[in-house]
Amino acid sequence: MRTGEYPIGEVKERTGLTERRIRYYESLNLIRPRRSEGNQRLYSERDIERLLEIKRLLDGGLSLRAIRNQMVQPSADEVERDAESYFEGKRIAHGARPHQASLYPLKDRAAIIRRLLRDQDREDGE
DNA sequence: ATTCTAACA
DNA sequence: TGTTAGAA
């Protein structure tokens, strides 16, 4: 394998995640490690960063579904629009927008949103 | 020895 | 999610 890529065993050690979870997150399209000729997963430095980020968000209280919605589905401008809404201090009743309400169930939403935006921005260049 | 897929307590 | 069987 090329330098800068690692087998799942090493990723397990470096992230503290179980192999099961690492592969499961891949099934959610949260990461897309390359495959070797023998069908072995090869994780890039970026895949690992991504896994660590997912771990941070989970610790922060976000559900996998919320993380998936944010990291996989929305375009950069969608996330930005949500961020703007937040920074403008808009208050919307949970019942009014149930889906949106579950997106950022945290106190430090601003920090999370900044991080998500940073990731979105980084997406295009690589 | 490691990793992979599929499947189920 | 954990874990395991059987293949690669």
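Computed from a prediction, not measured in an experiment: that's the story for all the values here. Note on naming: letters A, B, ... go to the chains in the order of the sequence lines (proteins, then strands), and numbering restarts at 1 for each one.
- With a cut-off of 3.5 Å on both pairing distances, dT1(C) has no Watson-Crick or G-U wobble partner at all.
- Across the interface with DNA chain C, nearest-nucleotide mapping of Q40(A) and R21(A) shows R21(A) to be the residue nearer the 5′ end.
- Taking 4.0 angstrom as the limit, T18(A) places a side-chain polar atom (N or O) nearer than this to OP1 or OP2 of dG2(C).
- The phosphate of dT1(C) has OP1 or OP2 within less than 4.0 Å of a side-chain N or O from Y25(A).
- Here the options are R34(A), R32(A), R35(A), the test is salt bridge (Lys or Arg N to Asp or Glu O under 4.0 Å), and the partner is E26(A); only R35(A) passes.
- Between E49(A) and R56(A) there is no salt bridge, since no side-chain nitrogen of the basic residue lies less than 4.0 Å from a carboxylate oxygen of the acidic one.
- A straight line from CZ of R41(A) to C1' of dT3(B) spans 8 Å, rounded to a whole angstrom.
- Using a 4.0 Å heavy-atom cutoff across all strands shown, G38(A) reaches no nucleic acid atom at all.
- Using a 4.5 Å heavy-atom cutoff, the side chains of R23(A) and I8(A) are in contact.
- No hydrogens or angles were tested; on distance alone, nothing pairs the side chain of R23(A) with the base of dT5(B) as donor and acceptor under 3.5 Å.
- The CD atom of E37(A) sits 22 Å away from the P atom of dT2(B) (whole-angstrom rounding).
- Residue E13(A) contributes atom CD, which lies 9 Å from atom P of dT2(B) at whole-angstrom precision.
- Separating the CD1 atom of I8(A) from the C1' atom of dA1(B) is a distance of 15 Å, rounded to the nearest angstrom.
- Contact annotation: the side chain of Y43(A) never approaches that of R50(A) to less than 4.5 Å [non-hydrogen atoms, C-beta and beyond].
- Separating the OH atom of Y24(A) from the P atom of dT3(C) is a distance of 17 Å, rounded to the nearest angstrom.
- The 12-atom threshold is exceeded at CZ of R14(A), counting heavy atoms of other residues, nucleotides or ligands nearer than 6.0 Å.
- For the pair E5(A) CD and dT2(B) P, the interatomic distance rounds to 20 Å; values are reported in whole Å.
- In this structure, R35(A) reaches the dT5(B) phosphate: one of its side-chain N or O atoms is under 4.0 Å from OP1 or OP2.
- When the C1' atom of dT2(B) is taken as reference, atom OH of Y6(A) falls 18 Å away, rounded to whole Å.
- In this structure, N39(A) places its CG atom 9 Å from C1' of dT5(B), rounding to the nearest Å.
- Mapping E10(A) and R20(A) onto DNA chain B via the closest heavy atom, the residue that lands nearer the 5' end is E10(A).
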